[in-house]
Amino acid sequence: MNTWLMKSEPDVFSIDDLKRAKTTGWEGVRNYQARNFMRDEMKPGDLVLFYHSNAEPSGVAGVAKVAGPPIPDPTQFDKKSEYYDASSKPVAPTWLMVTVSFVEAFDAVVPLATLKAEKALAGMALLQKGQRLSVQPVSRAHFAKVLSLAKANTKV
DNA sequence: GCCAACGTTGGC
DNA sequence: GCCAACGTTGGC
């Protein structure tokens, strides 16, 4: 099993939205590196840190898991979608996505500042300057550390 | 709202 | 193939 981090703007789709939906297709990724991770490396059962970007505060909000194999992102063929891609043909879809399902929502978001302050997380891709990748691998050790920070953060 | 960092596009 | 211009991401 591999572990991952996926970013979403909570104004668009938050961990609570995933809790309600239970499962969702990870639509709208239009970055080749992120797509390649979903297409080639994510496997059902892999665990995912659900990250809120452009949020107050930004940070890890919960955990999801990969629910199914990569499938074509339907929004690329939907002319009404902001993610419509006229250059992508149904016989050879450019954009694949995985589906993810809800695992847990933390009692409180683990803020980016907390992650940055944690020496054990120094190597995390998320924390590298200028990185904007919305789907990225996370080491098992980093994943476990973020979970422990979330538990330490639990309101009693 | 600002702006640094990055990815993509398109002229040449 | 180079690279300037542009659009986007995302923290602050």
Side-chain angles (χ1 to χ4, degrees), chain A residues 2-21 24-42 46-66 70-100 102-139 141-143 145-150 152-153:
Chain A
N2 289 313
T3 45
W4 305 92
L5 180 143
M6 295 172 106
K7 294 179 189 172
S8 180
E9 300 193 22
D11 290 351
V12 178
F13 194 83
S14 72
I15 189 73
D16 291 328
D17 292 324
L18 180 60
K19 185 175 187 175
R20 278 187 289 273
T24 190
W26 204 260
E27 297 174 347
V29 171
R30 295 294 180 268
N31 170 282
Y32 289 103
Q33 242 186 310
R35 178 206 66 183
N36 291 350
F37 283 131
M38 291 199 287
R39 184 189 63 186
D40 303 333
E41 300 195 45
M42 290 183 125
D46 283 1
L47 291 174
V48 177
L49 296 174
F50 194 110
Y51 182 85
H52 282 177
S53 60
N54 272 318
E56 197 50 55
S58 292
V60 179
V63 179
K65 75 177 171 199
V66 178
I71 55 175
D73 179 341
T75 62
Q76 70 196 304
F77 306 125
D78 178 0
K79 287 194 171 136
K80 293 199 277 292
S81 169
E82 62 175 310
Y83 302 120
Y84 177 65
D85 181 353
S87 69
S88 180
K89 303 295 174 231
V91 289
T94 304
W95 304 110
L96 299 192
M97 65 177 195
V98 293
T99 54
V100 302
F102 177 79
V103 175
E104 76 170 304
F106 298 151
D107 288 344
V109 169
V110 180
L112 183 59
T114 301
L115 302 176
K116 283 181 174 169
E118 180 56 52
K119 283 208 176 72
L121 297 178
M124 254 186 113
L126 178 75
L127 306 180
Q128 306 314 304
K129 182 177 180 182
Q131 80 73 37
R132 313 182 309 188
L133 202 55
S134 63
V135 176
Q136 55 183 248
V138 173
S139 76
H142 289 160
F143 190 94
K145 186 70 199 179
V146 172
L147 284 192
S148 76
L149 291 171
N153 220 7

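Reckoned from all heavy atoms, side chains included, excluding hydrogens, waters and symmetry mates. Labels below follow one simple rule: chain letters A, B, ... track the order of the sequence lines, proteins then strands, and each chain is numbered from 1.
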May I ask you to verify if any side-chain N or O of A:Lys129 is less than 4.0 angstrom from the OP1 or OP2 atom of B:dA5? yes
In residues 74-100 of chain A, which ones come under 4.0 Å of DNA chain C, going by heavy atoms? none
So, A:Gln131 side chain and A:Leu133 main chain: donor-acceptor pair closer than 3.5 Å or not? yes
Annotated protein contacts, base or backbone, on nucleotides 7-12 of chain C with a non-hydrogen cut-off under 4.0 Å, one of B, S, - each: BBBBBS
Counting C-beta onward and ignoring hydrogens, is there a side-chain heavy-atom pair between A:Leu49 and A:Phe143 closer than 4.5 Å? yes
A:Asp46 and A:Glu41: CA distance, side-chain angles, deciding distance, side chain to side chain contact (heavy atoms under 4.5 Å, CB included) verdict: CA-CA 10 Å; A:Asp46 283 1; A:Glu41 300 195 45; over 6 Å; no
Between A:His142 (side chain only) and A:Ala120 (backbone N and O only), is there a donor and an acceptor less than 3.5 Å apart? yes
Indicate, with yes or no, if the rings of A:Trp26 and A:Phe50 have centres closer together than 6.0 Å. yes
Side-chain ion pair, A:Lys19 and A:Asp16, N-O less than 4.0 Å: no
List the steps, then state whether side chain to side chain contact (heavy atoms under 4.5 Å, CB included) holds for A:Asn54 with A:Val12. CA-CA 10 Å; A:Asn54 272 318; A:Val12 178; over 6 Å; no
To the nearest 0.5 Å, how far apart are CD1 in A:Ile15 and CZ in A:Arg20? 11.0 Å
